[in-house]
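Below: one structure, written as structure tokens.
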Protein chains: 2
Amino acid sequence: MDMRDIAKIVGVSSATVSRVINGSNLVRPETANRVRQVIEELKFFPNTNATTLKYGKSGTYGLIIPDITNPFFPEFLKQFEKILVKNNQEMLMATTDFHSTRLQQSVRRMLVRKVDGVALLASEIETESIEALIHNRVPLVTMDRRKIGPGLSDVTINNTSGMEQAIEYLKSLGHTKIGYIGGSSQRTISDHRANAFLRAMKKFELAVNHDFMRVGDYRFTGGEAAMIELIRLTDRPTAILTANDMTAIGALRALREYGYSVPGDFSIIGFDDIELGELIYPSLTTLRLPRHQFAETFFRALEDAGKDRNAPGKKYTVGTSLVIRNSAGPVRPTTHRRTKNGRQRQPQGA
Amino acid sequence: MDMRDIAKIVGVSSATVSRVINGSNLVRPETANRVRQVIEELKFFPNTNATTLKYGKSGTYGLIIPDITNPFFPEFLKQFEKILVKNNQEMLMATTDFHSTRLQQSVRRMLVRKVDGVALLASEIETESIEALIHNRVPLVTMDRRKIGPGLSDVTINNTSGMEQAIEYLKSLGHTKIGYIGGSSQRTISDHRANAFLRAMKKFELAVNHDFMRVGDYRFTGGEAAMIELIRLTDRPTAILTANDMTAIGALRALREYGYSVPGDFSIIGFDDIELGELIYPSLTTLRLPRHQFAETFFRALEDAGKDRNAPGKKYTVGTSLVIRNSAGPVRPTTHRRTKNGRQRQPQGA
DNA sequence: GTGAAAGCGCTAACAA
DNA sequence: TTGTTAGCGCTTTCAC
């Protein structure tokens with residue numbers, strides 16, 4: 001079933017059918033109505049692949065994400081899909097599970113389908129994997145990678161604002177020994193966040209103890225493991241910031257397992273503000289990365305890049321802000337059950 | 001850049017290039033190598049839209065889900081994508097947010113892209129929405145809708161086995177007053193599950209109190225609200241089964257808010273076995289719907305239906321089983337602080 | 001207002 | 001073993 005079939009039935013040419021479908025005003029209303037009626041009756045849907053072929057652009061944007069299991073990504077996806085559908089674009093999704101081979105596979109899938117651009121929310125990017133995109137002039141927009149170039153834009157996350165709010169907040173609660181659980185040490189997003197942490201600590205004149213800086217994997221299990229390392233220290237932080245909420249939630253579980261209370265014994269602050277943070281107990285104090293705005297920015301970046309494929313890449317920025325819930329609270333002196341060198345020892349019964 | 005460009009450079013015809021790309025053995029190895037080399041150098045990727053156009057099938061399956069925010073679906077998606085990629089198929093995903101207009105929109109997206117089949121995991125299906133698929137002979141596979149027909153298959157969930165295990169387990173723990181929080185009352189999946197619950201209750205000779213049967217919305221908030229209704233009853237159940245894990249997690253939160261302990265005061269059993277169930281406290285006793293097998297079954301159903309579009313639809317079945325964690329425990333007589341008619345009143349200090 | 005026809009990139013039947 | 005060519009369904013220019 002194609003436009004010619006419709007045309008034959010109505011007694012017009014396929015060109016007229018095409019015009020009707022595309023809302024051209026060059027068709028006599030009666031003709032248009034007859035065409036529409038037959039289309040309706042036969043439940044005809046035009047084949048967009050033909051259009052894609054003709055114009056070389058598919059009306060599809062690719063979305064590559066590392067881990068669909070982390071609620072941040074479904075929440076992003078939901079917003080992104082909504083924006084695309086509103087703009088008559090299609091979405092081609094791929095996940096990488098943090099594997100670079102999977103990333104390359106995903107890029108290939110995007111390339112053979114001739115997507116009009118790719119939003120890459122994976123952090124572990126080797127240049128090799130994305131070369132093919134750049135080479136084929138497919139606009140690429142990355143997440144907080146902070147490198148731009150021809151056909152390569154970036155949505156930079158301004159961690160600084162949120163991180164400063166978080167540190168200031170913790171300081172106001174009496175915390176001075178503040179730790180950080182990052183993503184993998186190799187990854188740029190993780191580095192940017194860790195650096196923002198270090199800068200904020202400096203700004204508020206707090207000493208950084210590198211023993212308090214640990215590495216997770218952006219997942220629950222990584223946060224749990226890193227928190228256990230921190231618990232085992234003799235000198236421990238009283239507050240911990242994390243690279244994302246799943247890491248924070250893992251840390252919370254480690255603390256629960258070891259019999260510590262939050263925020264009584266330790267304060268935990270996450271990053272992302274996934275919905276789950278509101279549902280767990282204690283609810284998660286976190287740095288919010290506004291999801292809709294984030295998705296919107298990616299879309300805008302893709303559109304901009306698509307308009308002129310020779311334009312240089314651009315840098316876009318979204319901010320972060322502190323959302324106060326119940327996983328951070330005032331420091332409690334009795335937290336330090338064991339201390340190094342006998343300093344800071346607290347009375348047992350107080 | 002197309003096959004002719006490659007062909008020109010190598011000094012062969014585009015047919016030869018096509019043969020090399022598709023692994024035909026009718027090409028002299030040296031020729032093939034030269035072709036491959038140029039493809040590599042130029043980072044050429046063939047345009048699958050042309051192939052799609054030529055063959056009328058796109059190598060793409062559609063996946064329609066109601067709510068990407070419910071972790072069950074990302075977990076399914078992950079498995080499904082993996083299977084598709086392994087089989088050189090593409091995935092076109094759409095979410096409906098439980099709106100029938102969004103469903104119709106999604107179906108349209110599938111139709112214009114000429115997908116080879118659609119896996120529909122949405123429960124709120126009006127026949128109108130899917131008519132276009134059936135009419136256009138696009139194989140459709142639904143989730144536990146239990147209707148089949150030409151071009152319409154179903155992956156039925158055998159709730160019975162799991163439900164019976166759950167009731168038997170609760171009975172062995174001393175529970176006799178067992179409640180159920182379903183999805184929407186209008187939806188078939190919800191009905192199938194509720195019916196399985198009723199049948200299991202009967203099988204184990206437990207009386208059903210219809211006051212204990214409530215309706216949620218498959219989401220956290222629905223479970224929370226329904227649980228609050230149950231808490232407010234003067235005669236209350238001691239154990240509650242739910243239509244899915246998110247509902248159960250909402251119920252857990254309601255209980256925590258009202259100061260009840262789980263499983264001390266109430267036992268809760270979920271359905272799905274999402275990863276989150278292991279992470280929360282108390283960890284969730286639930287009925288497992290094996291995700292990989294489920295995704296695999298959908299894929300098989302789509303493949304089967306695609307082989308012969310005139311074949312009648314088939315029914316596929318996946319089972320469920322009880323996963324025991326910590327949200328269900330023995331009945332505690334003192335739970336019943338207030339009772340109706342003075343029956344079952346418990347001593348205060350016991 | 002409407003129609004005829006070319007061409008998007010690929011593949012397979014057929015020819016050589 | 002390789003090349004030629006028609007055609008998948010659509011849009012759009014040009015002709016009428």
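This is a predicted model, so every value here is computed, not measured. Atom set for the values below is all heavy atoms of this structure, side chains included, hydrogens, waters and symmetry mates excluded. Lettering of chains follows the sequences in order, A, B, ..., and the numbering in each one begins at 1.
In this structure, A:Q104 and A:I130 have side chains that are not in contact, with every pair of non-hydrogen atoms separated by 4.5 Å or more. For the pair B:L63 and B:L92, the minimum side-chain heavy-atom distance is 4.5 Å or more.
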Q: I would like to know whether B:D154 and B:T156 meet side chain to side chain donor-acceptor pair (under 3.5 Å); could you show each step before the answer?
A: CA-CA 6 Å; B:D154 187 59; B:T156 297; 2.8 Å; yes
Q | Verdict with reasoning, B:T69 to B:R219, per side chain to side chain donor-acceptor pair (under 3.5 Å) | A | CA-CA 9 Å; B:T69 272; B:R219 293 189 252 211; over 6 Å; no
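Taking atom NZ of residue A:K8 and atom P of nucleotide C:dT2, one finds them 19 Å apart after rounding to whole Å. In this structure, the CG atom of A:N25 is 12 Å from the P atom of C:dT2, given to the nearest Å.
Among residues two or more places apart in sequence or in another chain, the salt bridge (charged side-chain N to carboxylate O under 4.0 Å, His left out) test is passed with B:K307 by B:D304.
Here the side chain of A:S58 pairs a donor or acceptor atom with the backbone of A:K114 at under 3.5 angstrom. Using modelled atom types, one side-chain atom of A:E75 and one backbone atom of A:E275 make a donor-acceptor pair closer than 3.5 Å.
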Q. Once each nucleotide of nucleotides 8-16 of chain D is scored for protein heavy atoms under 4.0 Å, what B/S/- sequence comes out, 5' to 3'?
A. BBBBBB---
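Within residues 27-35 of chain B, the residues having any heavy atom closer than 4.0 Å to DNA chain D are, in order of number, B:V27, B:R28, B:T31.
The six-membered or imidazole ring of A:F76 lies near that of A:F294, with a centre-to-centre distance under 6.0 Å.
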